[in-house]
There are 2 protein chains.
Amino acid sequence: MKQEAETASGAPATLWDRARQLASREILETALRLFTEQGYDETTIAQIAREAGVSQRTLFRYFGTKEDLLGGNQDRFGQVLTDTISELPAEVGVWEALRAGVAAVLALHDSREQALERFRLLHNTASLRAGWLEKRLRFQEDLLPLIEARMDAATGSVGAKARAVIATAFACLDAASMTWVDNDGKGDIMDLYDECLATVRG
Amino acid sequence: MKQEAETASGAPATLWDRARQLASREILETALRLFTEQGYDETTIAQIAREAGVSQRTLFRYFGTKEDLLGGNQDRFGQVLTDTISELPAEVGVWEALRAGVAAVLALHDSREQALERFRLLHNTASLRAGWLEKRLRFQEDLLPLIEARMDAATGSVGAKARAVIATAFACLDAASMTWVDNDGKGDIMDLYDECLATVRG
DNA sequence: GACTGCTTGGCAGCGACTGCCAAATCGCAT
DNA sequence: ATGCGATTTGGCAGTCGCTGCCAAGCAGTC
């Protein structure tokens with residue numbers, strides 16, 4: 001499982017790398033297909049492994065958990081979030097900064113259809129929702145120092161205020177994406193986000 | 001497992017009920033003790049059952065899942081929330097209504113110490129956090145119609161706006177309780193909540 | 001004391017996940 | 001091409017949360 005450098009053209013150097021990439025894609029596609037066909041909870045690792053033509057053990061070596069089989073590297077979201085916001089000039093306010101971060105993360109999705117499919121799966125499966133919310137909470141904690149730095153330290157607990165602002169931004173993203181899914185992907189999520197935030201901030 | 005009526009004095013009618021109540025308390029206390037002693041993930045059901053003097057099977061009959069062993073009937077929270085808010089007069093605004101709901105839920109805790117202990121466990125254990133957030137999301141959905149009814153249906157998506165308001169209230173509760181735990185339970189959560197909300201709503 | 005019915009415990013099993021070891025496979029030097 | 005070392009794979013057993021099933025035990029009733 002050593003990570004080898006790839007050639008500039010994107011074609012992997014060794015046969016092993018090529019095989020790995022192939023297996024990875026095969027597993028991911030099989031998983032997503034089965035998930036949408038029969039639901040996440042109703043799909044077992046054994047079934048995915050069987051239909052993808054690998055052993056369970058190997059499948060777990062490629063993707064550590066069942067959730068990871070959803071693809072769309074959720075772990076990258078956190079990185080993009082913090083990167084985007086930390087690269088913003090210091091004058092940019094907290095709300096604007098968070099909006100930029102949210103927009104950057106949403107821009108990561110390949111296509112509207114894929115995003116809708118994943119969102120739908122996420123919103124309709126309790127176990128997935130739980131895992132996602134947990135991951136998101138960690139992103140929020142990572143954002144804490146960045147947002148604190150941009151807030152004018154007036155009275156009271158700065159930590160609490162920063163946390164509240166961050167959590168509110170995510171809350172609005174939540175409300176927006178849930179409404180978006182309910183409407184079958186009609187409209188733009190960022191518009192909904194803005195609408196939500198405007199409502200909250202009166 | 002039939003639920004028998006209890007006498008007015010609180011003393012259960014039959015011997016069975018008494019034994020059940022005893023066993024239930026014993027299990028709950030053992031679980032909470034072990035959780036705080038050695039952590040939630042590091043405590044196995046087998047260990048709790050052994051130390052509580054019941055079989056695993058029986059333990060699972062009393063409490064369906066490991067999370068339920070945390071006690072503090074989280075399922076009741078949702079009921080209290082919706083009840084409190086739906087009993088409020090129609091003139092009460094959404095923010096005020098949600099504040100009342102939050103206050104009512106917080107008032108459910110037996111003592112400050114117990115609440116702090118549970119909150120600490122919750123905030124420090126990823127798996128617990130995930131489950132809790134998921135449950136909370138369901139509460140939010142339950143609240144949706146109640147809050148929608150209190151909002152002036154202006155332009156845009158009422159659903160999105162209501163969701164945003166609810167999610168924001170919970171976000172502030174989150175920020176408040178996390179800060180509260182970080183400060184080892186100093187101060188009042190509702191004060192922190194108000195501070196968070198004030199910051200968000202500018 | 002026997003009968004009814006609730007409760008309990010034990011066992012087997014499922015599904016996600018991990019550690020361990022042997023076998024297959026690749027890449028490379030000779 | 002052959003052999004060798006590194007890597008990948010598969011299989012097996014085991015853990016942990018959780019469930020279904022069945023037999024044994026015990027409270028309450030006649």
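Lettering follows sequence order; numbering is per chain, from 1.
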S.K.: Looking only at non-hydrogen atoms, find the nearest pair between A:Leu116 and A:Val181 and report the distance.
M.R.: CD1-CA, 4.3 Å
S.K.: May I ask you to list the residues of residues 40-53 of chain A, by number, that have any heavy atom positioned under 4.0 Å from an atom of DNA chain C?
M.R.: A:Thr43, A:Thr44, A:Ile45
S.K.: Between A:Arg138 and A:Glu134, does at least one N-O distance fall below 4.0 Å, as a salt bridge requires?
M.R.: yes
S.K.: When you get a sec, tell me which of C:dT8, D:dG17, D:dG10 is the closest nucleotide to the side chain of B:Lys66?
M.R.: D:dG17
S.K.: Would you say the side-chain atoms of B:Asp41 and B:Ser127 include a donor-acceptor pair closer than 3.5 Å?
M.R.: yes
S.K.: Starting at atom CZ of B:Arg61, determine the distance to atom C1' of D:dC21, rounded to an integer number of angstrom.
M.R.: 10 Å
S.K.: Select one nucleotide: of C:dG9, C:dC17, C:dG19, the one nearest the side-chain heavy atoms of A:Thr65.
M.R.: C:dC17
S.K.: Which one, D:dT9, D:dG11, C:dC11, comes nearest to the side chain of B:Arg57?
M.R.: C:dC11
S.K.: Take the angle between the ring planes of A:Phe35 and A:Tyr40 and call it parallel below 30°, perpendicular above 60°, tilted in between.
M.R.: tilted
S.K.: With nearest nucleotides of DNA chain C determined for B:Val54 and A:Phe60 from heavy-atom distances, which residue corresponds to the more 5′ nucleotide?
M.R.: B:Val54
S.K.: Are B:Glu141 and B:Arg163 within salt-bridge range, i.e. N to O under 4.0 Å?
M.R.: yes
S.K.: Whole Å only: how far is the CG atom of A:Leu34 from the C1' atom of C:dA16?
M.R.: 16 Å
S.K.: How many Å lie between CG on B:Leu69 and C1' on D:dC18, as a whole number?
M.R.: 12 Å
S.K.: Which whole-number value in Å describes the distance from B:Leu22 CG to D:dA27 P?
M.R.: 15 Å
S.K.: I'd like to know whether CZ of B:Arg25 has more than 12 heavy-atom contacts from other residues, nucleotides or ligands below 6.0 angstrom.
M.R.: no
S.K.: With a 3.5 Å cut-off and no angle check, do the side chains of B:Gln74 and B:Glu67 form a donor-acceptor pair?
M.R.: no
S.K.: Distance check needed: D:dG28 P versus B:Arg18 CZ, whole Å only.
M.R.: 8 Å
S.K.: Can you measure A:Leu59 atom CG to C:dT18 atom C1' for me and round it to whole angstrom units?
M.R.: 14 Å
S.K.: Could you check how far CD of A:Gln56 sits from P of D:dC12, rounded to whole Å?
M.R.: 12 Å
S.K.: Take the protein atom CG of A:Asp17 and the nucleotide atom C1' of C:dT25, then report the distance between them rounded to whole Å.
M.R.: 14 Å
